[in-house]
Novice: 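Before anything else, here's the structure in question.
Heads up: numbering here begins at 1 and tracks the sequence.
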Amino acid sequence: MTRDRVRELSSPQLFATTFAGREWPRSLLSRVAVPVGWLALLETSDGRRRLLAAGEDPDADDADRLTLVRDSSQTVRVAQDRLDARDGHSVSAACELRVRCRPNEDDLSAFRRAMLGRGDLPVAELESAVAAVAAPAIRAFVRQREAAALVRHDRRGDLLDFLRGELKRFAFESGVSIDLVARADFSSRGLIEQEALQRDAERRLDQIRAREMVEQAALQATQRRLSELSGVFEKLQTAAAGAAGDAGRWRELLPTLSPAERGRLLENLWRLTPNRSVAAAIVAVSGMELVWLDPLEPNNITRRLTLPDDLGGLRSVSYCRGSADAIERQSDEAMKRQSELVANNVASRAPTMRASEERARMEGSDLGVPPDSAHDAPSRAPTVREGFDLSVPQNSAHRAPSRAPTVREGFDLSVPQNSAHRAPSRAPTMRASEERARMEGFDLSVPSDSAHDHAPAVLLVGAATGVWEIDPDSGDVIRRHAVPDAGRPRTGFNAAVRVGDRIYATHSQLGFWWWPIDDPLNCHAPLRPQNGLPKSIRAVADAGDGRVAFAADDVVYLYDAAREQLVPRTPLGAEVTHLACLDGRLFVATARGMILHDRLDGSQEVWEVVHRAAGAVESLAIRRWNDLLELVIPAGMQGVLGVYPDEQVAAGLLATRFPIRRAWACDDCVLALDDQRERLVVTNLNMPQRSGRDVPIARLLGRSIQDACLITQRRNSDAGVKPARPDRNEA
């Protein structure tokens, strides 16, 4: 052997080699020893064997044989797929074994005979030889065990013992031993899928159990709440019996309760009073999209609508009920009492009315009856339609539809505007009857007789430069109302409302605008900012008497559509964030947390503070329970409050875990939006506690929302009102 042969031992690809003794280099001046990291076995011609460690001189004769093997372990990788475990799952295995030649004479001699037939043994050939015998053993190891036991636990120790037992003959014949199982990774896709199915089934079962627990807890909470209110009910029944059975007059019954009982009653009043208007859907604005949610399952999106960018980004959404929905259905008992009141009032005033009419005819007055009417008396007979309507028939030749005489909270017997005479003799009687009807707790308002009495319900969506009209049932776009030459405002229309045959909307940069419903291109702006003032123009509401109320900075304006007249009220000293009108009353929320009240006719002459909140109040919703008025407002960390302005009392309606920014309400539902505009909270009559159901709306949509509203419908839709609940199949 030459020096080149020795240098070959430095190759990392060589594991072992054997050659004759004469090939080992010799020198007279120096000795050539076994290299570091190698073992040598010297076998003489007479059969003797000698083990040489690194650094020893073999001193071999020409007839001797030298075998050199690396004195370290070698890694052998064995990978197999589609191995069958005992439970039938297919398993993949990836193992790393550390093998070496045992450093003794017998094993090195056996290794030479079994593995070094060609003189040299590369590392790759060693790995192939070991893997060929280890693979069946690993297959047998997997077949004897469950897939879960292989995948979930460390099996290196067990595999090492198993391989040593299975490869005992191979180790004896080849002199190769397995020192260590460095890696034993087992995986099973079938097991993972099965476990995923099991987890899903368990999750569904947990949900079913949780739902049952929630329903049981809700039932128990309802029973407990009813038990707590039993004493309150007994007192109310006693007081109601003393008040001739008129149990709907809450203001007269509340004083019979203690302050604690009164608070519990007010918290649950919306659960006890029959519903007239119920939630059919929740609509939210996010980006350029409208989404419909089911109030009973608010995490379900039932419909999505993406609007075009013709009018710019979306800012707000509001629901305008149809004219038939706006008529609130009264109970049979209330209607009966109201009819009796009508009969009594008419009978007591009959002589005065006949005398006044006769005197008016003698003076040539026009009492609003058409000249071709065959029977004057029947045409003037008082009728009840949620109030007293003594107006003349619709087909009168002398009536102007836009000025049809209607009754707002009492008798309105006024003649047309161009009449030369009126009937002043009946005014005191009319006012007395009106006051008496209000004391009885009746809503005497009737719908307008305008051409838009049967206008359908719509969604008004405020955009950057206009307002969209959307069908709440189908999600179809009805029409668009745009502001010409609006440019690119930074914000959008904050609120919109339909009053009569017009749509009114407010925009902090563009001002207060209105459009005729049937003529979207004909637009008008009664108020537009000049030199940046006013800075904020928001909130708009139907005043109920033909006028429209809206806010600009700290001033509330009343716009008279008939006279095209804009009248400001007394400044409040704080920015108005929201307002609402009902029964001739105006309620205002401010950025300083005040809720103020005034009469629309100006008779009060000063703003009355009915509630003070800790922070800004950004929304204000009104509900009425017979003769008791309730203002629903957001209250930050307090959740949602119900404020009763006539009682100077506030009660909690909805408790939340995070601050509430805005709130909406109808008779059977309260909806709240958190201060980050990322979560909605919905509570309804199915939830007896004051906590609602959280809806991670931002996570569902991928972005926060701008605004939301409730689509409502009458409790009994026998009046031909199409329910506004969207089809669950449409999404």
Novice: Got L311 and R480 here, is their nearest side-chain heavy-atom distance under 4.5 Å?
Specialist: yes
Novice: Could you tell me whether the side chain of F658 reaches within less than 4.5 Å of the side chain of I660, counting heavy atoms only?
Specialist: yes
Novice: Would you check if the distance from the ring center of F550 to the ring center of Y504 is below 6.0 Å?
Specialist: no
Novice: Would R498 and V458 count as a side-chain contact (heavy atoms from CB on, under 4.5 Å) if you check the C-alpha gap in whole Å, the side-chain angles of each, and the deciding distance to 0.1 Å?
Specialist: CA-CA 9 Å; R498 182 181 65 189; V458 294; 3.8 Å; yes
Novice: So I711 and L459, do their side chains get closer than 4.5 Å, heavy atoms only?
Specialist: yes
Novice: So do the side chains of D560 and V567 get within less than 4.5 Å of each other, counting heavy atoms only?
Specialist: no
Novice: State which residues pass side chain to side chain contact (heavy atoms under 4.5 Å, CB included) with D598; sequence neighbours excluded, sorted by chain then number.
Specialist: R569, Q604, W607
Novice: Nearest 0.5 Å, what's the CG-CG distance between D553 and L533?
Specialist: 7.0 Å
Novice: Begin from the C-alpha positions of R599 and D583 and carry the test salt bridge (charged side-chain N to carboxylate O under 4.0 Å, His left out) through to its verdict.
Specialist: CA-CA 9 Å; R599 301 290 306 184; D583 294 343; over 6 Å; no
Novice: Tell me if a side-chain donor or acceptor on T712 pairs with a main-chain N or O of V278 at a distance below 3.5 Å.
Specialist: no
Novice: For a quick test of reading the model, state the closest non-hydrogen atom pair linking P534 to P529 and the distance between them.
Specialist: O-CB, 4.0 Å
Novice: Could you report the tightest heavy-atom contact between N684 and P295, atom names first, then the distance?
Specialist: ND2-O, 3.3 Å
Novice: Tell me, with the steps shown, if L572 and V555 meet side-chain contact (heavy atoms from CB on, under 4.5 Å).
Specialist: CA-CA 6 Å; L572 284 78; V555 178; over 6 Å; no
Novice: Please report the closest heavy-atom contact between S508 and K535, naming both atoms and the distance.
Specialist: CB-O, 3.6 Å
Novice: Would you say the side-chain atoms of D294 pair up with the backbone N or O of L296, donor to acceptor, closer than 3.5 Å?
Specialist: yes
Novice: Any chance you could lay out the side-chain contact (heavy atoms from CB on, under 4.5 Å) test for L460 and V317, step after step, and finish with the verdict?
Specialist: CA-CA 6 Å; L460 298 180; V317 61; over 6 Å; no
Novice: Residues two or more places apart in sequence or in another chain: which of them pass salt bridge (charged side-chain N to carboxylate O under 4.0 Å, His left out) with R612?
Specialist: none
Novice: Within the 3.5 Å criterion, strictly below it, is a donor on T491 or Q509 matched to an acceptor on the partner's side chain?
Specialist: yes
Novice: When you measure from the side chain of S286 to the backbone N and O of S704, does any donor-acceptor pair fall under 3.5 Å?
Specialist: yes
Novice: What distance do S619 atom OG and L631 atom CG have between them, rounded to the nearest 0.5 Å?
Specialist: 11.0 Å
Novice: Under the criterion side-chain contact (heavy atoms from CB on, under 4.5 Å), I'd like the reasoning laid out for I595 against I633: C-alpha separation, chi angles, the key distance, then a yes or no.
Specialist: CA-CA 9 Å; I595 307 297; I633 63 170; 4.2 Å; yes
Novice: Kindly give the heavy-atom pair with the smallest separation between G639 and T656, and that separation in Å.
Specialist: CA-OG1, 3.7 Å
Novice: So do the side chains of V588 and V556 get within less than 4.5 Å of each other, counting heavy atoms only?
Specialist: yes
Novice: If only atom types and distance count, is the side chain of Q565 paired as donor or acceptor with the main-chain N or O of Y559 below 3.5 Å?
Specialist: no
Novice: According to salt bridge (charged side-chain N to carboxylate O under 4.0 Å, His left out), does anything in residues 570-582 pair up with another residue at least two apart or in another chain? List the pairs.
Specialist: R538-E575
Novice: Donor-acceptor check, side chain of W513 to backbone of T506, threshold 3.5 angstrom: yes or no?
Specialist: no
Novice: Backbone N or O of A589 within a donor-acceptor pair of the T577 side chain at under 3.5 Å?
Specialist: yes
Novice: Mark yes or no for whether D668, through its side chain, and A279, through its backbone, hold a donor-acceptor pair below 3.5 Å.
Specialist: yes
Novice: Of all heavy-atom pairs between A549 and L558, which one has the smallest distance, and what is that distance?
Specialist: CB-CD2, 3.6 Å
Novice: Measure the spacing between CG of D501 and CH2 of W514 and express it to the nearest 0.5 Å.
Specialist: 8.0 Å
Novice: Rounded to the nearest 0.5 Å, how far does CE of M288 lie from CG of L305?
Specialist: 10.0 Å
Novice: Just verifying a value: how many Å separate C581 SG and D545 CG, rounded to the nearest 0.5 Å?
Specialist: 8.5 Å
Novice: Suppose the criterion is salt bridge (charged side-chain N to carboxylate O under 4.0 Å, His left out): which pairs have a residue in residues 671-683, not counting sequence neighbours?
Specialist: R679-D694
Novice: Of all the heavy-atom pairs spanning L307 and V461, show the shortest one and how long it is.
Specialist: CD1-CG1, 4.2 Å
Novice: Could you pull out all residues at least two apart from Y644 that satisfy ring-ring contact (aromatic ring centres under 6.0 Å, His included)?
Specialist: none
Novice: Quick one: does R714's side chain get under 4.5 Å of R321's, heavy atoms only?
Specialist: no
Novice: Would you say the side-chain atoms of H481 and E469 include a donor-acceptor pair closer than 3.5 Å?
Specialist: yes
Novice: Just so I know, are the side chains of L566 and L527 near enough to count as touching, which here means a heavy-atom distance under 4.5 Å?
Specialist: yes
Novice: Please list, chain by chain and in numerical order, all residues satisfying ring-ring contact (aromatic ring centres under 6.0 Å, His included) with H611, sequence neighbours excluded.
Specialist: none
Novice: Any donor and acceptor pair, going by atom type alone, linking the side chain of E605 with main-chain N or O of G602 inside 3.5 Å?
Specialist: no
Novice: Just how far is it from atom CG of L314 to atom CD1 of I705, taken to the nearest 0.5 Å?
Specialist: 12.5 Å
Novice: Please step through salt bridge (charged side-chain N to carboxylate O under 4.0 Å, His left out) for the pair R547 and E564, ending with a clear verdict.
Specialist: CA-CA 10 Å; R547 294 182 294 175; E564 302 293 342; over 6 Å; no
Novice: With side chains defined as the heavy atoms from C-beta onward, is the minimum distance between L671 and I282 less than 4.5 Å?
Specialist: yes
Novice: Give a yes or no answer on whether the side chain of H507 reaches the backbone of A464 with a donor-acceptor pair at less than 3.5 Å.
Specialist: yes
